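Start at 1 with the first residue, then count along the sequence. None of these values were measured; they are calculated from a predicted model. Note that ligands are numbered from 1 as they come in the structure, with each ligand's atoms numbered from 1 the same way. Atoms considered below: every heavy atom in the structure, side chains included; atoms not considered: hydrogens, waters and symmetry mates.
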Amino acid sequence: MCIFCKIVNREIPVKLIYEDEFVVAFDDINPTAPAHFLVIPKIHISTLNEITSENSNMLAKIFEVIPKLAKEKGVDEKGYRVVANCNSEGGQEVFHIHFHVIGGKQCKWPAV
Ligand code: AMP
Ligand code: ZN
């Protein structure tokens with residue numbers, strides 16, 4: 001079972017900042033900004049390439065949760081960045097889809 005599935009199953013004790021039927025969110029263990037949390041689907045989907053019409057409903061849930069949590073973290077007004085890395089050139093290290101939400105500092109563009 002992947003590390004994020006273990007977090008979903010409460011086999012790794014991570015403090016969740018949000019949980020519902022479809023989604024959990026928690027602070028990134030290695031934050032790159034004052035606010036850096038991850039929003040993930042409860043179902044295991046390894047990469048963005050595995051999103052299909054059968055499982056894409058979780059995306060709407062994730063994007064409902066993101067602005068709520070950004071507001072709770074106090075970064076909604078100044079702004080934040082949402083990042084999803086896919087496979088090696090995308091910089092993906094954990095192969096369970098997740099959306100990074102990064103705020104509390106000025107993000108740079110281009111990101112690479
Ligand atoms: P990515 O490179 O997009 O796959 O990012 C994976 C992210 O997961 C990294 O930012 C890690 O710091 C984060 N991460 C890995 N393990 C944990 C954990 N146990 N709790 C919180 N964040 C984690
Ligand atoms: Zn998983």
Has Q92 got a side-chain atom pairing as donor or acceptor with N87's backbone, closer than 3.5 angstrom? yes

Report the angle formed at the Zn ion (ligand 2) by atom SG of C2 and atom SG of C5, rounding to the nearest 10°. 120°

Work out the angle at the Zn ion (ligand 2) between ND1 of H44 and ND1 of H96, rounded to 10°. 110°

Report the C-alpha separation of H98 and H100 in whole Å, then their side-chain angles, then the decisive distance to 0.1 Å, and conclude whether the ring pair (Phe, Tyr, Trp, His ring centres under 6.0 Å) test is met. CA-CA 6 Å; H98 51 281; H100 296 256; 5.1 Å; yes

Check the pair F95, F4 against ring pair (Phe, Tyr, Trp, His ring centres under 6.0 Å), reporting the backbone distance first and the verdict last. CA-CA 8 Å; F95 286 82; F4 284 0; over 10 Å; no

Determine the minimum heavy-atom distance between L38 and H36, stating which atoms define it. CD2-NE2, 4.2 Å

For residues I17 and F37, determine if any side-chain heavy atom of one lies less than 4.5 Å from a side-chain heavy atom of the other. yes

Could you check whether any side-chain N or O of N55 sits under 3.5 Å from a backbone N or O of E50, counting only pairs where one atom can act as donor and the other as acceptor? yes

Check: every ligand 1 N/O to protein N/O pair under 3.5 Å:
{"residue": "ligand 1", "atom": "2 (O)", "partner": "G91", "partner atom": "O", "Å": "2.8"}
{"residue": "ligand 1", "atom": "2 (O)", "partner": "E93", "partner atom": "N", "Å": "3.3"}
{"residue": "ligand 1", "atom": "3 (O)", "partner": "N85", "partner atom": "ND2", "Å": "2.8"}
{"residue": "ligand 1", "atom": "3 (O)", "partner": "H98", "partner atom": "NE2", "Å": "2.7"}
{"residue": "ligand 1", "atom": "3 (O)", "partner": "H100", "partner atom": "NE2", "Å": "2.8"}
{"residue": "ligand 1", "atom": "4 (O)", "partner": "E93", "partner atom": "N", "Å": "2.6"}
{"residue": "ligand 1", "atom": "4 (O)", "partner": "V94", "partner atom": "N", "Å": "2.8"}
{"residue": "ligand 1", "atom": "4 (O)", "partner": "H98", "partner atom": "NE2", "Å": "3.0"}
{"residue": "ligand 1", "atom": "5 (O)", "partner": "H98", "partner atom": "NE2", "Å": "3.2"}
{"residue": "ligand 1", "atom": "5 (O)", "partner": "H100", "partner atom": "NE2", "Å": "3.3"}
{"residue": "ligand 1", "atom": "10 (O)", "partner": "D28", "partner atom": "OD1", "Å": "3.2"}
{"residue": "ligand 1", "atom": "10 (O)", "partner": "D28", "partner atom": "OD2", "Å": "2.5"}
{"residue": "ligand 1", "atom": "12 (O)", "partner": "D28", "partner atom": "OD1", "Å": "2.5"}
{"residue": "ligand 1", "atom": "22 (N)", "partner": "I29", "partner atom": "N", "Å": "3.1"}

With distance as the sole test, does D20 use its side chain to make a donor-acceptor pair with the main-chain N or O of V23 at under 3.5 Å? yes

